[in-house]
Engineer: 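If you scroll down you'll find the structure; I have some questions about it.
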Number of protein chains: 2
Amino acid sequence: MEKRNLSLSHEAMQRHASEAERFLKELANANRLMVLCHLVSGEKNVGDIAEAVGLSQSALSQHLARLKDAGLITSERRGLMIYYRLCSAEAQAVLAVLQLIFCREHS
Amino acid sequence: MEKRNLSLSHEAMQRHASEAERFLKELANANRLMVLCHLVSGEKNVGDIAEAVGLSQSALSQHLARLKDAGLITSERRGLMIYYRLCSAEAQAVLAVLQLIFCREHS
DNA sequence: TAAGTATTTTAGATATTGCTAAAATAGAAT
DNA sequence: ATTCTATTTTAGCAATATCTAAAATACTTA
């Protein structure tokens with residue numbers, strides 16, 4: 001009689017949950033959310049984002065490094081400035097749902 | 001000449017982003033995600049959830065209190081046990097997207 | 001090469017998270 | 001009333017998050 005591993009699906013669930021946690025932690029910050037929302041409309045450089053979001057360049061740079069490390073954005077230098085752009089379809093999908101929930105006119 | 005407040009939409013954005021942050025922080029934890037996923041299929045008592053998720057009752061209870069405080073779940077005592085159920089359409093919407101992203105068979 | 005602009009990195013302070021262990025509460029059963 | 005079972009609450013600790021200030025890096029221009 002072969003021993004079936006019934007807890008495998010539990011381990012799979014834990015693995016999925018951990019991946020989702022890592023992903024959600026990137027989004028679970030008001031400043032990073034605003035950064036990502038600004039990038040939805042196209043690439044922006046750090047100074048522009050800093051002004052739009054209202055963060056110091058240093059603080060913003062740390063957020064950007066985090067998002068880039070997580071694979072949600074990419075960067076490209078052109079001359080003095082560095083341009084960031086959204087590169088995660090998953091992030092865009094979740095942002096779209098969040099916008100429906102939290103950015104309705106009446107709320 | 002009337003002075004138009006152009007930063008109003010920025011303040012609105014900040015408000016929305018803060019609300020979204022509060023919401024996402026509740027989800028951005030593997031154990032809480034698993035709890036919520038278990039509740040998608042119907043109400044459960046604390047002991048059952050603790051076993052399913054693999055958490056101590058105390059730790060779980062703290063997570064449940066948090067989720068309840070955030071309005072994502074409700075509880076009802078029946079006899080000795082306390083039953084929890086999902087009560088947030090918003091949470092369900094995001095969980096559905098996360099499931100599509102992270103719980104595909106091949107990943 | 002020196003000076004300026006854009007951005008990143010580091011260090012450190014403070015707040016939040018999430019666990020464990022122990023004590024407290026609430027209802028049920030004896 | 002006492003005891004049992006289910007759950008919550010509290011206290012305390014280690015890890016993580018996020019800001020500021022200061023120093024470092026990278027490219028451009030004089």
Side-chain angles (χ1 to χ4, degrees), chain A residues 13-14 17-39 42-86 91, chain B residues 14 17-39 42-86:
Chain A
M13 183 174 223
Q14 283 209 152
S18 291
E19 282 175 36
E21 171 181 323
R22 250 180 293 131
F23 174 76
L24 287 171
K25 278 193 192 305
E26 296 301 319
L27 301 184
N29 174 276
N31 288 141
R32 283 195 297 277
L33 281 174
M34 286 193 287
V35 167
L36 293 171
C37 283
H38 277 288
L39 293 182
E43 66 175 20
K44 303 269 186 305
N45 68 50
V46 181
D48 286 348
I49 304 171
E51 179 168 18
V53 173
L55 267 181
S56 72
Q57 282 213 352
S58 173
L60 175 58
S61 183
Q62 291 171 64
H63 285 301
L64 291 171
R66 232 193 112 147
L67 292 170
K68 189 176 166 183
D69 197 59
L72 303 190
I73 61 178
T74 55
S75 66
E76 182 190 352
R77 178 183 281 272
R78 285 206 298 279
L80 271 182
M81 296 178 190
I82 297 180
Y83 293 87
Y84 282 89
R85 75 165 60 88
L86 243 176
Chain B
Q14 284 210 151
S18 292
E19 282 175 37
E21 170 181 328
R22 249 180 293 131
F23 174 75
L24 287 172
K25 278 193 191 307
E26 297 300 320
L27 300 184
N29 174 276
N31 289 140
R32 284 195 295 277
L33 281 175
M34 286 193 287
V35 168
L36 293 171
C37 284
H38 276 289
L39 292 181
E43 68 175 17
K44 302 268 186 304
N45 68 50
V46 180
D48 286 349
I49 304 171
E51 179 168 17
V53 173
L55 267 180
S56 73
Q57 282 212 353
S58 173
L60 175 58
S61 183
Q62 290 172 64
H63 285 302
L64 290 171
R66 233 191 112 146
L67 292 170
K68 189 176 167 183
D69 197 59
L72 272 46
I73 61 177
T74 55
S75 66
E76 182 192 350
R77 175 184 282 271
R78 284 205 299 279
L80 271 182
M81 297 180 190
I82 298 179
Y83 293 87
Y84 282 87
R85 76 165 59 88
L86 245 176

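As a basis for the values below, the full set of heavy atoms in this structure was taken, side chains included, without hydrogen atoms, waters or symmetry mates. Here the structure is a predicted model, which means the values were calculated and not measured. Numbered from 1 within each chain, the chains take letters A, B, ... in sequence-line order.
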Engineer: Any side-chain N or O of A:Arg66 below 4.0 angstrom from OP1/OP2 of D:dT18?
Structural biologist: yes
Engineer: Looking at A:Arg78 and A:Glu43, is any side-chain nitrogen of the basic one under 4.0 Å from a carboxylate oxygen of the acidic one?
Structural biologist: yes
Engineer: Do B:Tyr84 and B:Leu39 come close enough that some side-chain heavy atom pair is under 4.5 Å?
Structural biologist: yes
Engineer: Quick check on D:dA17: is either OP1 or OP2 less than 4.0 Å from any side-chain nitrogen or oxygen of A:His63?
Structural biologist: no
Engineer: By nearest heavy atom, map B:Ala65 and A:Leu60 onto DNA chain D; which one lands nearer the 5' end?
Structural biologist: B:Ala65
Engineer: To the nearest angstrom, how far is B:Lys44 atom NZ from D:dA6 atom P?
Structural biologist: 18 Å
Engineer: Considering all heavy atoms of both residues, which atom of B:Ile73 and which atom of B:Leu86 are nearest to each other, and what is their separation?
Structural biologist: CG2-CA, 4.2 Å
Engineer: In whole angstroms, how far is the C1' atom of C:dT5 from the CD1 atom of A:Ile82?
Structural biologist: 12 Å
Engineer: Quick one: B:Ile73 CD1 to D:dT7 C1', roughly how many Å, whole number?
Structural biologist: 13 Å
Engineer: Could you check whether A:Tyr83 gets within reach of a base, just the sugar-phosphate, or nothing at all, counting any heavy atom under 4.0 Å?
Structural biologist: nothing
Engineer: Which nucleotide in the set C:dG27, C:dA6, C:dT20 lies at the smallest distance from any side-chain heavy atom of A:Met81?
Structural biologist: C:dA6
Engineer: Measure the distance from NZ on B:Lys68 to P on D:dT7 and round it to the nearest whole Å.
Structural biologist: 13 Å
Engineer: Of the options C:dG18, D:dA6, C:dC19, whose atoms approach the side-chain atoms of B:Leu80 most closely?
Structural biologist: D:dA6
Engineer: Indicate whether OP1 or OP2 belonging to D:dA17 is found under 4.0 Å from a side-chain N or O atom of A:Asn29.
Structural biologist: no
Engineer: Side chain of B:Ser61, heavy atoms from C-beta onward: which of C:dT7, C:dT10, D:dT8 has the nearest atom to it?
Structural biologist: D:dT8
Engineer: Starting the side chain at C-beta, find the nucleotide from C:dT8, C:dC19, D:dT8 nearest to B:Leu64.
Structural biologist: D:dT8
Engineer: Provide, to the nearest angstrom, the distance between the CZ atom belonging to B:Arg22 and the C1' atom belonging to C:dT17.
Structural biologist: 17 Å
Engineer: What's the closest nucleotide to the A:Gln62 side chain, out of C:dT8, D:dA26, D:dT20?
Structural biologist: D:dT20
Engineer: If only side-chain N and O atoms of B:Arg32 are considered, is one of them under 4.0 Å from the OP1 or OP2 phosphate oxygen of C:dT17?
Structural biologist: no
Engineer: CG of B:Asp48 versus P of D:dT5: gap in Å, rounded?
Structural biologist: 17 Å
Engineer: Looking only at non-hydrogen atoms, find the nearest pair between B:Glu21 and A:Leu33 and report the distance.
Structural biologist: N-CD1, 4.0 Å
Engineer: Is the phosphate of C:dT17 approached by B:Asn31 (side-chain N or O, under 4.0 Å from OP1 or OP2)?
Structural biologist: no
Engineer: Of the options D:dA6, D:dT8, C:dT20, whose atoms approach the side-chain atoms of B:Ser56 most closely?
Structural biologist: C:dT20
Engineer: Rounded to whole angstroms, how far apart are CD on A:Gln57 and P on C:dT9?
Structural biologist: 13 Å
Engineer: Going by an N to O cut-off under 4.0 Å, is there a salt bridge joining B:Glu76 and B:Arg85?
Structural biologist: yes
Engineer: In this structure, how many angstroms lie between the P atom of C:dA6 and the CG atom of A:Leu55, rounded?
Structural biologist: 18 Å
Engineer: Does C:dT8 have OP1 or OP2 sitting under 4.0 Å from an N or O in the side chain of A:Tyr84?
Structural biologist: yes
Engineer: Hey, which sits more toward the 5' end of DNA chain C by its nearest nucleotide, A:Ala59 or B:Lys25?
Structural biologist: A:Ala59
Engineer: Under 3.5 Å, is there a donor-acceptor pair between the side chain of A:Lys25 and the main chain of B:Ala28?
Structural biologist: yes
